[in-house]
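Values below: every heavy atom of this structure, side chains too, minus hydrogens, waters and symmetry copies. Not measured: the values here are computed from a predicted model.
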Amino acid sequence: GTPYKGGIKDLKLNPQAVNIKVEQEFCETINESFTLERNEVKVLDLYPKNIAGTITVNTDKQAEVVINGKTFQGSVASTKYLPGNISIKVTQAFCETIEENYSLSANEDKVFDLFPPNISGSLTVNTSSQAKLVINGEVFTGSIKSKKYLPGQINLTLNQDFCQPIKETFTLNTDEDKILDLYPQDISGYLTINTNPKAKIFLNNNQYQEVNKVRMVPQVLEIKVTQLKADDIIRVITLKTGDDISLDLYPEIKCSGIDIVTIPTTASIELTGDAGEHYTATGRKSFIDIPIGTYELIISNEGYKTHKETINLTVDNTIQKQISLEEGSDAPEGFVLVEGGTFHNGTANVTLSDFIIGKYEVTQAEWQEIMGNNPSYFKGDNNPVEQVSWYDAVEFCNKKSVKEGLDPVYLGSGASIKCDFSKNGYRLPTEAEWEYAARGGKKSKAYTYSGSNNIDKVAEYKANNNKSTKAVGGKKPNELGIYDMSGNVWEWCWDWYGYEDYSSSSESNPLGPNSGSYRVLRGGGWYSSAAYCRVANRDCYSSTYSSYFVGFRLARSSN
């Protein structure tokens with residue numbers, strides 16, 4: 001019962017009955033039994049006799065051969081099998097299957113030549129390169145050449161955009177070469193719709209940007225053309241093969257008019273509609289045949305408060321308007337509305353939107369009213385507040401906004417404070433806003449100092465005042481009517497300090513770096529030399545810094 005590989009030598013056993021079985025692949029099994037005596041030395045020569053035969057199958061290399069369940073690719077050379085029944089199956093694509101059953105004898109070398117005969121037919125379909133061809137579920141694009149199929153039923157469909165579908169069913173025979181010429185017939189027509197540029201076109205509820213010689217299959221089409229402030233146009237047509245239809249469908253805009261007279265007659269008129277209409281004029285204007293709808297009317301003139309109102313224009317109802325502007329400014333009292341524009345600061349072209357900025361630096365009286373204290377070293381209600389840090393100025397802005405019912409602009413704390421410039425509350429000017437206002441905005445005369453090339457006319461500074469701050473507005477204003485943008489106290493700005501004022505050669509409403517160690521100061525102070533009071537000069541300190549020569553002025557977004 002103990003197995004061994006190959007022969008065994010000098011195996012010691014107790015006297016006993018011994019059974020020996022010798023097995024080898026493809027050989028006859030040997031069985032021996034004997035009784036081993038004491039001290040007996042038994043030698044047996046047991047060599048199994050080969051009884052296998054061989055099978056050779058010659059066939060095509062593309063054929064698959066299966067012998068007794070084992071698969072081979074192509075021919076099979078001299079493979080051994082024990083005597084007995086041999087099952088052979090040879091298959092090949094598009095060929096007849098061959099099956100053989102054979103009883104193999106011992107030591108027999110059997111050779112089979114099994115080459116499956118071809119039984120396929122071929123199919124060629126000539127068609128256009130855009131056609132989609134489906135043959136027995138298999139998809140092709142364009143023509144196919146001599147494609148093999150087994151004999152039997154062929155189901156073929158052919159489709160092409162804007163063409164009549166083709167269907168074919170036939171039987172393909174052995175060795176048949178079937179050729180079909182299938183070119184789909186164009187059944188399309190063309191449709192063009194001429195209309196207004198702003199009109200929308202719908203064909204069977206599907207919107208089209210434009211319909212200009214659009215190719216379509218024959219069908220019934222519901223056409224709808226819509227446009228704001230006009231009645232819809234609806235047409236139903238039948239598009240047939242070969243049609244080239246062109247339709248003029250222009251929705252008729254419902255119109256009205258408005259007559260406007262302004263006092264003064266130099267005032268600018270701006271009329272903006274809810275569909276993007278925009279009209280302008282000066283002094284007196286009769287707007288006729290303008291689309292109905294809701295319009296914002298803005299009348300403005302320098303030295304007067306802007307007039308704004310909403311007007312609803314209805315069909316066949318011309319409105320008469322006479323508008324007298326009130327003298328004054330759109331900016332709150334103590335502030336100046338700075339009209340947006342572009343200036344060059346030496347390193348960049350900077351473009352700004354409209355904004356509002358204080359005529360004066362924030363005074364000690366204003367600070368006392370909001371904060372309930374006065375940190376200033378040089379006392380005086382109309383003197384600028386000083387000894388306030390950047391954080392102090394931000395806190396003042398939010399508290400003043402809340403007190404006056406405005407939306408605070410500053411959120412967060414410490415270095416993470418953010419400014420929401422869309423809010424209408426008080427804030428510090430950006431460095432760009434400060435410089436643009438100091439230069440005189442659109443009225444700038446390119447002075448070295450804010451309002452003059454003669455610093456003594458516009459600034460409290462070291463050469464004419466080296467002792468203290470002075471009441472705001474004591475010197476001449478600049479071109480915009482803003483005071484003390486040179487001298488008196490340095491003024492905090494919103495921006496973190498960067499090595500250059502602005503980061504690129506052309507910017508719109510720049511806000512400075514995203515982070516930093518210091519905040520920007522501009523304008524110079526009562527203890528500064530003339531060079532530090534130039535509109536182009538810059539300085540910086542940490543947000544916690546305060547001094548008796550540092551204050552600020554307020555700004556607001558124009559919204």
Side-chain angles (χ1 to χ4, degrees), residues 345-348 350 352 355-358 360-362 366-367 370-371 375-377 384-401 408-421 423 425-439 450 469 482 484-504 507 509-528 531-557:
N345 79 327
T347 61
V350 181
L352 295 168
F355 63 96
I356 297 168
I357 195 165
Y360 309 103
E361 295 162 330
V362 174
E366 291 175 300
W367 182 274
I370 299 299
M371 306 299 286
S376 303
Y377 181 80
V385 69
E386 17 91 0
Q387 295 206 133
V388 289
S389 69
W390 186 90
Y391 290 129
D392 294 332
V394 165
E395 182 183 3
F396 175 87
C397 290
N398 270 3
K399 285 188 174 182
K400 184 173 176 65
S401 297
V409 302
Y410 294 112
L411 300 172
S413 61
S416 63
I417 288 176
K418 302 296 182 185
C419 182
D420 185 346
F421 287 86
K423 302 295 187 185
Y426 295 101
R427 58 178 176 81
L428 296 174
T430 66
E431 185 175 16
E433 288 173 337
W434 190 98
E435 184 172 345
Y436 181 60
R439 290 177 179 272
S450 183
T469 61
I482 307 174
D484 298 312
M485 296 199 83
S486 290
N488 218 357
V489 288
W490 286 88
E491 299 178 16
W492 286 116
C493 293
W494 156 255
D495 307 49
W496 289 106
Y497 181 81
Y499 289 113
E500 293 186 0
D501 309 36
Y502 313 106
S503 60
S504 69
E507 289 201 69
N509 296 316
L511 303 178
N514 293 325
S515 61
S517 301
Y518 305 100
R519 296 285 182 174
V520 171
L521 286 162
R522 298 295 294 253
W526 62 270
Y527 195 65
S528 302
Y532 286 99
C533 297
R534 293 176 298 112
V535 291
N537 186 63
R538 310 172 69 222
D539 205 346
C540 63
Y541 279 100
S542 70
S543 303
T544 58
Y545 178 79
S546 63
S547 170
Y548 51 39
F549 52 74
V550 174
F552 66 103
R553 77 175 63 231
L554 296 174
R556 286 173 59 182
S557 298

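- Ring orientation note: the planes of Tyr545 and Tyr541 are close to parallel, at an angle under 30° on the 30°/60° scale.
- At least one side-chain heavy atom of Leu554 sits less than 4.5 Å from a side-chain heavy atom of Lys400.
- Scanning both residues, Ile357 and Ala437, for their nearest heavy atoms gives CD1-CB, 4.0 Å.
- Glu431 places no side-chain N or O within donor-acceptor distance of the main-chain N or O of Cys493, the cut-off being under 3.5 Å.
- The two residues Leu352 and Ala432 make their nearest non-hydrogen contact at CD1-O, 3.5 Å.
- In this structure, the side chain of Arg553 engages the main chain of Gly358 through a donor-acceptor pair within 3.5 Å.
- A donor-acceptor distance shorter than 3.5 angstrom exists from the side chain of Arg534 to the backbone of Ala531, with no hydrogens or angles considered.
- Below 30°, between 30° and 60°, or above 60°: for Trp367 and Phe552 the angle between ring planes is above 60°, a perpendicular geometry.
- The closest side-chain heavy-atom distance from Leu521 to Trp492 is below 4.5 Å.
- Under a cut-off of 6.0 angstrom, the local environment of CZ in Phe396 is crowded, with over 12 non-hydrogen atoms contributed by other residues, nucleotides or ligands.
- The closest donor-acceptor contact from the side chain of Ser547 to the backbone of Val550 lies at 3.5 Å or more, if one exists at all.
- The closest side-chain heavy-atom distance from Pro510 to Thr430 is not below 4.5 Å.
- A cation-pi arrangement is absent between Arg522 and Trp490, since the terminal nitrogen or guanidinium carbon is not both under 6.0 Å from the aromatic centre and inside a 45° cone about the axis.
- Between Ser450 and Val535, the shortest heavy-atom contact is N-CG1, 3.5 Å.
- Rounding to the nearest 0.5 Å places OH of Tyr360 at 10.5 Å from CD of Glu366.
- Contact of the Trp434 side chain with the Val520 side chain is not registered, since no non-hydrogen atoms from C-beta on lie closer than 4.5 Å.
- Proximity of a side-chain donor or acceptor of Ser376 to a complementary backbone N or O of Glu386 within less than 3.5 Å is detected.
- The structure places CG of Leu511 at 8.0 Å from CH2 of Trp494, a figure rounded to the nearest 0.5 Å.
- No hydrogens or angles considered: nothing links the side chains of Ser401 and Asn398 as a donor-acceptor pair under 3.5 Å.
- Between Ser389 and Ser546, the closest heavy-atom pair is N-CB, 3.9 Å.
- Heavy atoms of other residues, nucleotides or ligands lying less than 6.0 angstrom from OH of Tyr518 number 12 at most.
- Taking SG of Cys540 as the start and CG of Asp495 as the end, the distance is 12.0 Å to the nearest 0.5 Å.
- Between the side chains of Ser557 and Arg427, at least one donor N or O sits under 3.5 Å from an acceptor N or O.
- Between the Glu491 side chain and the Met485 main chain, no donor and acceptor come within less than 3.5 Å of each other.
- Note: Asn537 CG to Glu435 CD = 10.0 Å, rounded to the nearest 0.5 Å.
- For Arg519 (side chain) and Tyr497 (main-chain N/O), no donor-acceptor pair under 3.5 Å exists by modelled atom type.
- Scanning all heavy atoms of the two residues, the minimum distance from Ser486 to Cys533 falls at OG-O, 2.8 Å.
- In this pair, Tyr410 and Trp390 present their aromatic rings perpendicular. The plane angle is above 60°, beyond the 30 to 60° band.
- The structure places CD of Glu433 at 10.5 Å from CG of Leu428, a figure rounded to the nearest 0.5 Å.
- Across every non-hydrogen atom of Val388 and Pro375, the tightest pair is CG1-CG, 3.7 Å.
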